[in-house]
Number of protein chains: 2
Amino acid sequence: MTPKPDAFHSHDHRHCSDQGLQRAEEILQSRKLRLTPVRRQALQILLAEHRALGAYEVLERLAAAGFGNQPPVAYRALEFLVEQGLAHKVRRLNAFAACMHPETDHAPVFLICRGCNALAETPAEQVRAALNAAAHAAGFTVERTSIEALGLCPACEAAA
Amino acid sequence: MTPKPDAFHSHDHRHCSDQGLQRAEEILQSRKLRLTPVRRQALQILLAEHRALGAYEVLERLAAAGFGNQPPVAYRALEFLVEQGLAHKVRRLNAFAACMHPETDHAPVFLICRGCNALAETPAEQVRAALNAAAHAAGFTVERTSIEALGLCPACEAAA
DNA sequence: TGGGTTATGTTATGATATAACGATAAATAT
DNA sequence: ATATTTATCGTTATATCATAACATAACCCA
Ligand SMILES: [Zn+2]
Ligand SMILES: [Zn+2]
Ligand SMILES: [Zn+2]
Ligand SMILES: [Zn+2]
């Protein structure tokens, strides 16, 4: 079978980026929230790469684009994007990544390549279902999850 | 059915703690590695509670027990314990917890109560299997995982 | 246009983590 | 036993990640 285009396979990335922005606009409009210039720029910065960026990395680029250059500038924009499900925090990396399907599937499962730093958000209903089942067996009520795998993407695995 | 005794249910905790230390000794002896005084004390500090402790929290207690009081003292001991599978890092909390079954089941799945900070390590073969399957479908080779759920333990849920 | 609300810039500080180096203790090899 | 090597520990310094607090500016809606 043909592999789906994802972070691990070359693809027309302009498409990811443009579509990401467009969806964000729609989503926020429907929620009557504002995609202000900093937020928009922060999202574009994240969308520009299929990898997670540290807050200070985002900050540098925001500053280069004419915005403030103090940490809260980046953290606030990122916090907003995360709250709205337009970005996620990758806990293993203390870093942030744009969400690749902001409308559905909102508890992300990440695959992080330690070779090239590529980050893929994989649909994983079943992983969440299994986690919910395990939690339920312990009488635990799940509110948020972090599910992340570190390893090698196909290309880096082949190279190794 | 009767709930298993775990972090979320009252139990003879002395047992957890004593057994944890004893297993650690056996495991390290079999690997010809040393459970030095700082390492032993760090493990006891983690074993004392069914919750995750920040490195600086551990450091305070190490210092109070007569060890050095600079960050590397704690970080080194914790790093060793984590490498040996005797403790885990809880990424959502940037904190560390003793492993509750150091011999088996070595990719932990954590349930973190946001009400009382209790932390349970739950056996979750199926969660890992599902994650491995999802990764495999993307051609990704999994090396390490972080699987964590934040929510409410039975007691806190009942209280809410 | 006034007045509440939301968002941004800025200063300062807090929290988490590691690099580097010298001193000490333990294991190993004569 | 003593020398040599290796692992561990203490300490200083610094890097990295994150937020509190407050002033200013933009937006929104009477
Ligand atoms: Zn997502
Ligand atoms: Zn890769
Ligand atoms: Zn216990
Ligand atoms: Zn609880």
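Numbered from 1 within each chain, the chains take letters A, B, ... in sequence-line order.
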Rounded to whole angstroms, how far apart are [atom1] on [X] and [atom2] on [N]?
X        : N       : atom1 : atom2 : result
Arg40(B) : dT8(D)  : CZ    : C1'   : 17 Å
Leu93(B) : dC17(D) : CG    : C1'   : 16 Å
Gln41(A) : dT8(C)  : CD    : P     : 13 Å
Gln84(B) : dA7(D)  : CD    : C1'   : 14 Å
Glu79(B) : dA7(D)  : CD    : C1'   : 13 Å
Arg76(A) : dA26(D) : CZ    : C1'   : 14 Å
Tyr75(B) : dT11(D) : OH    : P     : 18 Å

- Query: Of all the choices, dG10(D), dA17(C), dA20(D), which nucleotide is nearest to the side chain of Asn94(B) once you look at every atom?
  - Reply: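 Nearest to the side-chain atoms of Asn94(B), counting from C-beta on, is dA17(C).
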
- Query: Arg91(B) and Glu148(B): salt bridge (charged side-chain N to carboxylate O under 4.0 Å, His left out), yes or no, with the steps?
  - Reply: CA-CA 8 Å; Arg91(B) 318 240 39 144; Glu148(B) 303 173 1; over 6 Å; no

- Flag side-chain contact, heavy atom, 4.5 Å: Glu121(B) against Val109(B):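 When only atoms from C-beta onward are counted, Val109(B) and Glu121(B) do not touch, as no gap falls below 4.5 Å.
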
- Evaluate the side-chain proximity of Pro102(B) to Leu86(B): yes if any heavy-atom separation is below 4.5 Å, no if none is.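 With C-beta onward as the side chain, the pair touches.
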
- Verify whether one side chain among Arg23(A) and Gln19(A) offers a donor that lies under 3.5 Å from an acceptor in the other.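 The criterion, which ignores hydrogens and geometry beyond distance, is satisfied for Gln19(A) and Arg23(A).
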
- Query: Is there a donor-acceptor contact under 3.5 Å linking the side chains of Asp12(A) and His15(A)?
  - Reply: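 Asp12(A) vs His15(A): no donor-acceptor pair found between side chains.
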
- Message: Heavy-atom nearest nucleotide on DNA chain C for Lys89(B) versus Val73(A): which residue maps closer to 5'?
- Response: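 On the 5' side of the pair lies Val73(A).
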
- Query: Between Phe140(A) and Phe8(B), what is the ring plane arrangement, given parallel below 30°, perpendicular above 60°, and tilted in between?
  - Reply: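 Because their plane-to-plane angle is under 30°, the rings of Phe140(A) and Phe8(B) count as parallel.
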
- Message: Categorize Lys32(B) for me: base, sugar-phosphate, or nothing, with a 4.0 angstrom heavy-atom threshold over every strand shown.
- Response: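 No contact.
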
- Are the ring centres of His11(B) and His13(B) closer than 6.0 Å?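 His11(B) vs His13(B): aromatic centres under 6.0 Å.
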
- Answer yes or no: is there a donor N or O on one side and an acceptor on the other, between the side chain of Ser30(A) and the main chain of Ile27(A), under 3.5 Å?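 Yes: the side chain of Ser30(A) pairs with the backbone of Ile27(A).
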
- Task: Determine, using the 4.5 Å side-chain heavy-atom cutoff (strictly less than), whether Ile112(A) and Val82(A) are members of one ILVMFWY cluster.
- Result: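 No: no chain of side-chain contacts under 4.5 Å links Ile112(A) to Val82(A).
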
- Task: Strictly below 4.0 Å, heavy-atom distances to any atom of DNA chain D: list the hits from residues 46-71 of chain A, or just say none.
- Result: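 Heavy-atom cutoff 4.0 Å gives Tyr56(A), Pro71(A).
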
Check nucleotides 5-7 of chain C for protein N or O atoms closer than 3.5 Å to its own N or O atoms and list the pairs.
from: dA7(C); atom 1: OP1; to: Arg39(A); atom 2: NH1; distance (Å): 3.2
from: dA7(C); atom 1: OP1; to: Arg39(A); atom 2: NH2; distance (Å): 3.3
from: dA7(C); atom 1: O5'; to: Arg39(A); atom 2: NH2; distance (Å): 3.4

